[in-house]
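Just so we're on the same page: letters track the sequence lines, and every chain starts at 1.
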Protein chains: 4
Amino acid sequence: MSQQDKMIEELFHNADELTEKQKKIVAAAIESFAEKGFAATSTSEIAKKAGVAEGTIFRHYKTKKDLLMAIVAPTMAKLIAPFVIKDFNKVLNHDFDHFEDFIKAIIENRIKFLKNNMSLFRIVIQEIPFQPELREQFKEHIAQKIIERLRQIVEHYQAKGQIIEMPPDTIIRVTLSTIFGYIIARYLLAPEEEWDDNTEIERTIQFLMNGLSLEK
Amino acid sequence: MSQQDKMIEELFHNADELTEKQKKIVAAAIESFAEKGFAATSTSEIAKKAGVAEGTIFRHYKTKKDLLMAIVAPTMAKLIAPFVIKDFNKVLNHDFDHFEDFIKAIIENRIKFLKNNMSLFRIVIQEIPFQPELREQFKEHIAQKIIERLRQIVEHYQAKGQIIEMPPDTIIRVTLSTIFGYIIARYLLAPEEEWDDNTEIERTIQFLMNGLSLEK
Amino acid sequence: MSQQDKMIEELFHNADELTEKQKKIVAAAIESFAEKGFAATSTSEIAKKAGVAEGTIFRHYKTKKDLLMAIVAPTMAKLIAPFVIKDFNKVLNHDFDHFEDFIKAIIENRIKFLKNNMSLFRIVIQEIPFQPELREQFKEHIAQKIIERLRQIVEHYQAKGQIIEMPPDTIIRVTLSTIFGYIIARYLLAPEEEWDDNTEIERTIQFLMNGLSLEK
Amino acid sequence: MSQQDKMIEELFHNADELTEKQKKIVAAAIESFAEKGFAATSTSEIAKKAGVAEGTIFRHYKTKKDLLMAIVAPTMAKLIAPFVIKDFNKVLNHDFDHFEDFIKAIIENRIKFLKNNMSLFRIVIQEIPFQPELREQFKEHIAQKIIERLRQIVEHYQAKGQIIEMPPDTIIRVTLSTIFGYIIARYLLAPEEEWDDNTEIERTIQFLMNGLSLEK
DNA sequence: TATGAATGAGCTTTCATTCAT
DNA sequence: AATGAATGAAAGCTCATTCAT
């Protein structure tokens, strides 16, 4: 099973139900959407790359946009998965005494995920500005549920006196900026440069902790 | 003269040479490209919005992509203008004894610019992933010239002992992440929310200075 | 099966592989190209005449020029077919003791062919001046291979003392001029006049033989 | 005065009345029409080549087709000029005792004319099939007046016993085929080959005389 | 289920022509 | 007389989608 396949298997929990052809369609679509954008990718191109007839795409996905959604929706779900597990707060209390540990864990975990799903991530952030439907989903799930959860976390560590007194939303913003700034620079803007990932992530965390922690 | 016009006047210094119709075309294109993306915007739509015949667009811009470039290239130039002025380093030495002052000045200045040119900024960041030509220009001008300049600045303040010892590129990365993170959150992700801009910028700078300065 | 269909069947030996629609497109294109010329014929016009959607044309022929080539190339091949059969010289030796017999046979045969394919012939001679690609094909196939073959024939009959001593190329030229002059006058310049074809062809051959033969 | 200019001067008797710009337009049109055909040549292309504004063309020629006609009509007139002079028969009686002399004179004269006006000739024969208006003019002037005149000439020499008894139209046809066959081969099909023009014309006449004369 | 020919609306672009300057 | 910006119809071509097989 190829890396590509694994990504798709992982993306669709019910991947068993996907035809072989369907998997090929999805794989081809991901590749093209990431590279040229949704609007600039033609269904005939996807069909050719997937080695199926054009009609086959529309048998499985009523419209081209449906195909996009079939890719993007589970990607967003997976992306936020760690934050929506039940008993998230318990996990938090038990596992991470310090904010730094929490941040480290979450960064490591999410970077690993994104690294393995970079094309999917590309599609999500590239298409969100253009697809109102997508933007809606994003706002509903991320901006509301996730931010709410993150707020609790921040307040949790603020109560513990581990991070500075600042509106939680501001802290979330600068934290996410820093993390996504790293991912975008590392994997999208300058992927061909030599990166010492471990060191660079450490530095990023160091900056973040410096910026957010009280004592120094 | 409308706000729109002013933006365009400012964008093309030689705006005098633009026909009235040409300005309308550019304004319409900016609006549509920002909203729906380059690929999903049709020239007929631009023509209609601009109140000109479709042929008129192609009299001035040989292709649809030419029109995009005519918009994006000067935008990128304006965006980086403050960093390419002659005697930049002198200005630096004389005007800003502290890194914080420098950062404050530059943030204030660039945020003001972007706020007035948000649609242009949108187009630039939205289309860079899809237009290899654009990516090339971006890399050549921004990634190389500007980064080089910023490196010198960072080293300058590091030598002065005002910011932590870390590879300049890393410092640049986290700094830009923080700044653009603010702009994107403020103007693209949640523009309709109430923002106390001054306070929020202050906090952002505070975070940045905490993260980068030596003493605390 | 109509006359039109038969012509097309004959033109494309593998006509079985042509869709019904494809045949209609080709027939419509032949009619319009012959009448108004390639450049002055629009694809929408062809589509309408063929009773298909315009898109259908482009499904089968990537470009309008491809459609022209699909018509012209096999026409040129058919036109020169009698001269490229294997053992052409043997045929010559056995069947035609006299140049006059040979000329008669070839004229009769080719005139018959052209009469049945006049629109195709029109397209070929009308478009050759404008399509460099076509001119290339024409030169390569006709001007080189065929002329070479004709040269041998002329020399053969010259050796037999049946036609005058003159450079073979000159003899070929005046012969072809005479034959095509007849066809063009008969079928293109004055098709509506009353022609006694048999007599006129006889006279043409008589002139040709007078002009080329030694004895009188 | 360039060769180009001379051709145009000669083409329009009232060339004095042509603006400098007009001459340039005509020259540019001739070049492009000959090369790519009327339908495939755009007026903007002509304007550019002529170094004038597009509007200027339409100031002088109401439509693109008018421009074509302004070129083609006088060309056809010039081409047939020698046959329409008054007292043509007198000239004939006095100057040419033998058909061969007449043929020689006329061939020499017309070939010289065509050689100097090859682009014009190209345009005429290339556009006649496509422009009904042109075809009409051609038929009216050439096919009727000229053929009538040629008929008289042929009958004149037939009466003198110098050419074979054959319907004059047939004799005209084979004669013109032979002459134009030479011109087309020489100047249009294989202009880049080495031609010994004098010898080749001699041979052509020899063939023609052989074909048409009684005695041998 | 899968195909791929067929569709027709819509795309970018070109063009002959007009007209205010 | 000459310009060239402007036009809008029409060009060649692409596309997402349908449907008979």
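Surrounding NZ of C/K64 are more than 12 heavy atoms belonging to other residues, nucleotides or ligands, all under 6.0 Å away.
Contact between B/F33 and B/Q126 at its shortest, heavy atoms only, is O-OE1, 4.0 Å. In plain terms, the two heavy atoms of D/K49 and D/S32 that are nearest each other are NZ-OG, 2.9 Å. Heavy-atom minimum distance, C/L18 versus C/K23: O-CE, 3.8 Å.
The 5' end of DNA chain E is approached more closely, in terms of each residue's nearest nucleotide, by B/K64 than by the other of B/K64 and D/G55. Across the interface with DNA chain F, nearest-nucleotide mapping of B/R59 and A/T41 shows B/R59 to be the residue nearer the 5′ end. Comparing B/Q22 and A/T43 by the nucleotide of DNA chain F whose heavy atom lies nearest to each, the residue mapping closer to the 5' end is B/Q22.
Here the P atom of nucleotide E/dT7 and the CD1 atom of C/I25 are 8 Å apart, to the nearest Å. Residue A/K65 contributes atom NZ, which lies 15 Å from atom C1' of F/dT17 at whole-angstrom precision. The interatomic distance linking B/E20 (CD) with E/dA20 (P) rounds to 18 Å, in whole Å. Whole-Å rounding puts the C/K62 NZ to F/dG12 P distance at 17 Å. Rounded to an integer number of Å, the gap from A/H60 NE2 to F/dA16 P is 18 Å. In this entry the distance linking CD of D/E54 with P of E/dA20 reads 18 Å, nearest Å. Taking atom CZ of residue B/F38 and atom P of nucleotide E/dT12, one finds them 8 Å apart after rounding to whole Å. Atoms NZ (B/K48) and P (E/dC11) sit 9 Å apart, rounded to a whole Å.
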| note | Secondary structure of DNA chain F per the Watson-Crick/G-U criterion (both distances under 3.5 Å; [ ] crossing, | other strand, . unpaired) is .||||||||||||||||||||

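Side-chain atoms of B/S42 come within 3.5 Å of backbone N or O of B/E45 as a donor-acceptor pair.
Ranking E/dT13, F/dA6, E/dT18 by closeness to the B/F58 side chain, first place goes to E/dT13. When distances are taken from the side chain of A/T56 to each of E/dA2, E/dG4, E/dG8, the shortest belongs to E/dA2. When distances are taken from the side chain of A/V52 to each of F/dG12, E/dA2, E/dT3, the shortest belongs to E/dT3. Here the side chain of B/K21 is nearest to one of F/dT7, F/dG4, F/dA1, namely F/dT7.
Interatomic distance, D/L120 CG to D/M76 CE, rounded to the nearest 0.5 Å: 12.5 Å.
Contact annotation: C/S44 reaches the phosphate of F/dA11 (side-chain N/O to OP1 or OP2, under 4.0 Å).
For the residue pair B/E54/B/T43, the side-chain donor-acceptor check at 3.5 Å is satisfied.
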